[in-house]
Amino acid sequence: METSAPQRLLHFLLIEDDDDHATIVIRTLKSNRIANRIDRAVDGEQGLAYLRRQGVYQDACRPDVVLLDLKLPKVDGHEVLAQVKADPELRSIPIVVLTTSAAERDRESAYRLHANSYLVKPVDFEQFRKLVTDLGFYWGVWNKTLNAE
């Protein structure tokens with residue numbers, strides 16, 4: 001069964017410090033025409049500034065979905081998640097935790113902080129690409145966001 005590209009392409013914000021992981025996510029989403037825009041923040045502090053439209057991000061568009069790594073420099077992913085979900089202006093933005101951590105305490109903490117999904121990055125390159133493809137189709141085709149037409 002073939003899945004077609006979404007009617008309305010999404011804007012993702014990827015908050016990821018690992019360049020290799022970021023490259024896989026960005027290339028996979030673009031190659032499957034899931035996103036028309038993918039912006040990246042390299043640490044939690046930059047991600048929060050982007051979402052709050054602070055400093056150099058004052059003209060940033062709000063993303064449809066945030067892909068959030070947990071193990072980030074400056075401000076870790078749990079704190080980013082807590083701050084976003086505590087902010088009335090930002091809390092409705094879906095946040096997908098995309099992390100290498102399979103630790104139960106990390107998963108429980110993320111869901112307590114209102115993560116919308118928790119995905120563990122596979123070690124295998126092809127499995128990681130498949131996960132990102134499936135993630136993109138879920139948010140781009142099947143799930144209806146607030147901005148969906």
Side-chain angles (χ1 to χ4, degrees), residues 6 9-58 60-148:
L9 298 178
L10 297 177
H11 172 199
F12 286 91
L13 173 62
L14 173 63
I15 306 177
E16 171 65 70
D17 63 318
D18 185 296
D19 290 336
D20 292 333
H21 290 178
T23 298
I24 292 169
V25 171
I26 292 166
R27 285 187 181 164
T28 301
L29 291 174
K30 284 184 177 181
S31 71
N32 288 304
R33 296 185 324 245
I34 300 296
N36 65 351
R37 182 170 179 172
I38 306 166
D39 292 322
R40 178 184 175 204
V42 296
D43 59 51
E45 183 178 86
Q46 192 179 75
L48 287 169
Y50 184 102
L51 290 166
R52 292 175 175 150
R53 299 177 178 157
Q54 296 172 333
V56 297
Y57 302 109
Q58 66 185 4
C61 297
R62 287 275 158 75
D64 294 301
V65 179
V66 172
L67 304 177
L68 176 67
D69 188 21
L70 290 182
K71 309 300 182 200
L72 295 168
K74 297 187 181 178
V75 179
D76 80 355
H78 290 288
E79 183 60 27
V80 170
L81 185 56
Q83 288 189 38
V84 170
K85 294 301 182 176
D87 186 327
E89 294 293 315
L90 303 175
R91 74 172 52 128
S92 66
I93 299 170
I95 296 184
V96 176
V97 173
L98 186 58
T99 183
T100 57
S101 175
E104 186 175 340
R105 64 176 159 56
D106 282 337
R107 189 178 70 248
E108 287 176 358
S109 175
Y111 280 122
R112 272 196 308 275
L113 294 169
H114 307 289
N116 296 86
S117 187
Y118 190 98
L119 302 174
V120 178
K121 298 172 189 172
V123 176
D124 178 75
F125 173 77
E126 285 304 318
Q127 287 296 314
F128 189 18
R129 281 191 47 227
K130 178 162 179 8
L131 175 109
V132 173
T133 297
D134 292 346
L135 164 81
F137 278 111
Y138 173 80
W139 288 102
V141 176
W142 307 116
N143 187 65
K144 299 301 178 202
T145 63
L146 285 176
N147 297 327

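Owing to the predicted nature of the structure, the values given are computational and were not obtained by experimental measurement.
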Non-neighbouring partners of Arg27 that pass side chain to side chain contact (heavy atoms under 4.5 Å, CB included), sequence neighbours left out: Thr23
From CA spacing to verdict: side-chain contact (heavy atoms from CB on, under 4.5 Å), Val66, Phe12: CA-CA 6 Å; Val66 172; Phe12 286 91; over 6 Å; no
Closest non-hydrogen atom pair between Cys61 and His11, with its separation: O-CE1, 3.2 Å
Leu119 side, atom CG; Arg107 side, atom CZ - distance, nearest 0.5 Å: 11.5 Å
Modelled atom types, side-chain donor and acceptor of Glu79 and Gln83, under 3.5 Å: yes
Results of side chain to side chain donor-acceptor pair (under 3.5 Å) for Arg91 - residues two or more places apart only: none
Those residues that, when tested against Thr99, pass side chain to side chain donor-acceptor pair (under 3.5 Å) (two or more places apart): none
Main-chain N/O of Thr28 paired to Ser31 side chain as donor or acceptor, under 3.5 Å: yes
Test salt bridge (charged side-chain N to carboxylate O under 4.0 Å, His left out) applied to Asp76 - qualifying residues, sequence neighbours left out: none
Derivation and outcome, side-chain contact (heavy atoms from CB on, under 4.5 Å), residues Leu14 and Asp39: CA-CA 6 Å; Leu14 173 63; Asp39 292 322; over 6 Å; no
Test salt bridge (charged side-chain N to carboxylate O under 4.0 Å, His left out) applied to Lys74 - qualifying residues, sequence neighbours left out: Asp43, Glu45
Side-chain touch Val120/Thr100, heavy atoms, less than 4.5 angstrom: no
Residues forming a side chain to side chain donor-acceptor pair (under 3.5 Å) with Ser101, sequence neighbours excluded: Asp106
Ring pair (Phe, Tyr, Trp, His ring centres under 6.0 Å) against His21, all qualifying residues, sequence neighbours excluded: Phe128
Heavy-atom side-chain proximity of Val25 to Glu16 below 4.5 angstrom: no
Interatomic spacing from CZ in Phe125 to CD1 in Ile24 - rounded to 0.5 Å: 5.0 Å
Closest non-hydrogen atom pair between Pro122 and Leu131, with its separation: CD-CD2, 4.2 Å
Residues that Glu126 engages under side chain to side chain donor-acceptor pair (under 3.5 Å), provided they are two or more places apart: Arg129
Residues in salt bridge (charged side-chain N to carboxylate O under 4.0 Å, His left out) contact with Lys85, at least two apart in sequence or another chain: none
Criterion side-chain contact (heavy atoms from CB on, under 4.5 Å) on Leu68 and Val96, from CA distance to verdict: CA-CA 6 Å; Leu68 176 67; Val96 176; over 6 Å; no
With Val42 via side chain to side chain contact (heavy atoms under 4.5 Å, CB included) - residues at least two apart: Arg40, Gln46
Ile15 to Leu72 - nearest heavy-atom pair and separation: CG2-CD1, 3.6 Å
Minimum side-chain heavy-atom gap Leu29-Val132 below 4.5 Å: yes
Min side-chain heavy-atom separation Tyr118-Leu70 under 4.5 Å: yes
Ion pair Asp69/Lys121, N-O distance below 4.0 Å: yes
Electrostatic pair Glu89:Arg53 at N-O distance under 4.0 angstrom: no
Non-hydrogen side-chain atoms of Leu51 and Pro63 separated by less than 4.5 Å: yes
Shortest non-hydrogen contact from Ala110 toward Leu81: O-CD2, 3.4 Å
Side chain to side chain, Arg62 and Leu90, heavy atoms closer than 4.5 Å: yes
Intermediate values then yes/no, side-chain contact (heavy atoms from CB on, under 4.5 Å), Lys71 and Asp17: CA-CA 8 Å; Lys71 309 300 182 200; Asp17 63 318; 5.7 Å; no
With sequence neighbours excluded, residues passing side chain to side chain contact (heavy atoms under 4.5 Å, CB included) with Ala86: none
Check: Leu67 and Leu135 side chains under 4.5 Å, non-hydrogen atoms: yes
